[in-house]
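The analysis underlying the following values was restricted to heavy atoms, covering all of them including side chains, and did not include hydrogens, waters or symmetry mates.
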Amino acid sequence: MEQRAAGERTIRWGIAGPGRMAQNFVKDFVHVDGAEAYAVGSRNLERAQAFATKYGLPQAFGSYQELCASPEIDVVYISTPHPQHKAIALEAIRNGKAVLVEKAFATTLAGAQEVVDAAREAKVFAMEAMWTRFQPVVQALHQVVDEGRLGTILGVQGDLYAQRDFNPDDRLFAKELGGGALLDLGVYVLHFAQDFLGNPSSMTVDGTLYPNGVDAQAGMVLRYETGALATLAVSLQAAGPGRIVVMGDQGWAEVKPRFHHPDRVVLHRKGATPRTLALAPLGTGYSHEIEEVTRCIQQGRTESDILPLDDTLSVMAQLEQALNAVGVKHTDQPLG
């Protein structure tokens with residue numbers, strides 16, 4: 001089945017996995033013209049039906065295969081645990097659907113590459129749901145950097161600490177569900193560095209593990225051909241501010257906590273009074289990535305200029321290198 005012809009039309013979305021992420025995501029459709037949350041799929045039909053009733057979706061399916069095969073939808077948003085991302089994305093692409101895949105895009109670089117290759121071969125749109133990159137204040141910071149107002153960018157320094165009590169049965173800590181600090185939190189700091197510094201030339205990593213072998217904390221130092229450095233840290237054990245600083249030779253910009261969904265950036269430039277850029281996201285903040293995907297599909301595009309697939313693959317390679325360094329190996333699961 002081929003993707004529908006491009007045009008200024010309403011793009012119908014299917015949601016794979018009616019969990020917490022999807023419940024936050026679906027609320028922002030009201031802010032996006034031309035996008036409709038139309039269907040939801042789950043391995044549990046009753047759960048899908050309850051989600052559809054609560055949020056006013058016309059259709060509910062008791063399997064991901066049925067969701068992906070539905071002729072009524074154009075794009076599938078995949079918000080299941082990380083190890084299921086690859087299989088559902090491939091099923092959607094086989095059915096000619098565009099995909100928006102939650103971060104981390106997959107649990108392995110090979111899995112991510114398989115999805116990207118399939119989307120490119122089928123000529124359907126695919127993107128990682130890294131909502132941070134689309135926040136208005138982050139886009140404003142890009143303009144500041146692109147105009148050279150901070151000079152040459154030489155560093156990114158940031159942390160994302162989210163203290164949680166260890167529970168091996170919880171998704172955040174369960175190995176079989178892709179648990180651990182790196183896939184849940186490391187993906188944010190690495191994407192931010194990727195966004196402003198590009199591909200690293202080398203990476204040094206250290207970290208600690210929980211008793212079940214899942215990563216609890218990690219520190220990363222990335223070096224770039226430009227001479228820039230990124231120093232990044234993530235943890236599920238400790239509490240922390242969750243801020244990022246972009247540093248140039250003419251000043252720096254502090255993205256105020258929590259940086260992964262920010263509304264303020266403070267600019268510090270040589271010889272100038274600090275200036276605050278304040279731009280609140282629309283709705284919860286997922287609206288901006290929904291808008292980007294909808295626009296791209298309407299225009300017949302297969303990738304986003306703001307978040308190209310090559311950036312996703314680079315970040316997946318960095319995540320896999322970091323996981324290997326601390327002794328954690330994940331696998332992508334087949335479609336269940």
Side-chain angles (χ1 to χ4, degrees), residues 21 24-33 35 100 102-104 127-162 184-198 222 228 230-234 239-270 272-296 304-308 311-312 314-315:
M21 282 298 305
N24 291 328
F25 184 83
V26 74
K27 295 172 186 176
D28 271 6
F29 276 88
V30 68
H31 301 290
V32 183
D33 292 335
L100 176 65
E102 263 304 339
K103 66 218 131 14
M127 193 181 87
E128 186 176 10
M130 178 46 69
W131 67 325
T132 304
R133 196 170 287 206
F134 299 92
Q135 300 305 302
V137 77
V138 174
Q139 290 297 300
L141 175 56
H142 260 293
Q143 185 174 345
V144 168
V145 170
D146 292 345
E147 291 171 354
R149 291 161 63 190
L150 300 180
T152 301
I153 302 303
L154 294 171
V156 170
Q157 184 182 73
D159 74 87
L160 193 54
Y161 284 21
D184 262 277
L185 304 176
V187 66
Y188 280 106
V189 291
L190 288 171
H191 253 293
F192 208 98
Q194 179 76 26
D195 195 13
F196 285 90
L197 296 176
L222 291 82
T231 54
L232 312 169
V234 293
R243 69 168 193 150
I244 266 190
V245 181
V246 177
M247 295 165 286
D249 58 6
Q250 298 300 312
W252 72 94
E254 181 184 3
V255 186
K256 289 293 188 178
R258 309 277 276 172
F259 83 83
H260 60 302
H261 54 105
D263 60 10
R264 287 177 301 138
V265 171
V266 180
L267 305 179
H268 300 262
R269 299 175 62 209
K270 285 184 177 180
T273 301
R275 178 190 170 198
T276 298
L277 302 178
L279 291 167
L282 193 61
T284 310
Y286 298 99
S287 58
H288 305 290
E289 62 181 358
I290 297 172
E291 183 177 50
E292 173 71 0
V293 175
T294 298
R295 179 186 66 83
C296 286
S304 165
D305 290 334
I306 299 173
L307 179 47
D311 273 15
T312 286
S314 179
V315 170

Let me confirm one number: the CD-CG distance from E289 to L100, rounded to the nearest 0.5 Å. 5.0 Å
Can you tell me if D159 uses its side chain to pair, donor with acceptor, with the backbone of G242 under 3.5 Å? yes
Nearest 0.5 angstrom please: L150 CG to L267 CG, how far? 6.5 Å
What is the distance from atom CD of Q135 to atom CG of L141, rounded to the nearest 0.5 Å? 13.0 Å
Please confirm whether F196 and F192 have ring centers closer than 6.0 angstrom. yes
Could you check whether H288 and Q139, counting side-chain N and O atoms only, form a donor-acceptor pair closer than 3.5 Å? no
For the side chain of S304 and the backbone of I306, is there at least one donor-acceptor N/O pair under 3.5 Å apart? yes
Residue list, salt bridge (charged side-chain N to carboxylate O under 4.0 Å, His left out) with D311, at least two apart or on another chain: R133
Looking only at heavy atoms, the pair that brings P274 and V266 closest together is CB-CG1, 4.1 Å
By side chain to side chain contact (heavy atoms under 4.5 Å, CB included), which residues pair with T231, not counting sequence neighbours? Q157, V221
Please evaluate residues V265 and V246 with respect to the criterion side chain to side chain contact (heavy atoms under 4.5 Å, CB included), reporting the C-alpha separation (whole Å), side-chain torsions for both, the decisive distance (0.1 Å), and the verdict. CA-CA 10 Å; V265 171; V246 177; over 6 Å; no
Could you walk me through whether E128 and V187 pass side chain to side chain contact (heavy atoms under 4.5 Å, CB included), step by step? CA-CA 11 Å; E128 186 176 10; V187 66; 3.8 Å; yes
Once rounded to the nearest 0.5 Å, what's the spacing between atom CD1 of I290 and atom CZ of F25? 4.0 Å
Nearest atoms (heavy-atom pairs only) where G155 meets A228: N-CB, 4.3 Å
Residues at least two apart in sequence or cross-chain that pass side chain to side chain donor-acceptor pair (under 3.5 Å) with D184, listed by chain then number, are H82, R171
Taking every heavy atom of L279 against every heavy atom of P136, the minimum-distance pair comes out as CD1-O, 3.6 Å
Under 4.5 Å between any side-chain heavy atoms of L282 and E291, yes or no? no
Partners of R275 by salt bridge (charged side-chain N to carboxylate O under 4.0 Å, His left out), sequence neighbours excluded? none
Expected output: side-chain Q250 to main-chain G148 donor-acceptor under 3.5 Å: no
Please check if the side chain of T294 supplies one atom and the backbone of A35 the other of a donor-acceptor pair under 3.5 Å. no
Can you label the angle between the W131 ring and the H260 ring as parallel, tilted or perpendicular, going by 30° and 60°? perpendicular
What's the shortest heavy-atom distance between A140 and L277, and which atoms? CB-CD1, 4.2 Å
What heavy-atom pair brings V138 and P262 nearest, and what distance separates the two atoms? CG2-CG, 3.8 Å
Please report the shortest heavy-atom distance between S287 and H31, naming the atom on each side. CB-CB, 4.1 Å
Within a radius of less than 6.0 Å around CG of D146, do more than 12 heavy atoms belonging to other residues, nucleotides or ligands occur? yes
Answer yes or no: is there a donor N or O on one side and an acceptor on the other, between the side chain of D28 and the main chain of G283, under 3.5 Å? no
Which residues share a salt bridge (charged side-chain N to carboxylate O under 4.0 Å, His left out) with D305, sequence neighbours left out: R301
If you round to the nearest 0.5 Å, how far is CZ of F259 from OG1 of T132? 6.5 Å
Examine distances only and state if a side-chain atom of K270 and a backbone atom of D249 form a donor-acceptor pair shorter than 3.5 Å. yes
Could you note down all residue pairs passing salt bridge (Lys or Arg N to Asp or Glu O under 4.0 Å) where residues 253-266 supplies at least one of them, sequence neighbours left out? R243-E254, E254-K256
Flag side-chain contact, heavy atom, 4.5 Å: M127 against E292: yes
Side chain to side chain, F134 and L307, heavy atoms closer than 4.5 Å: yes
With rounding to the nearest 0.5 angstrom, report the CE to OG1 distance, M130 to T312. 8.0 Å
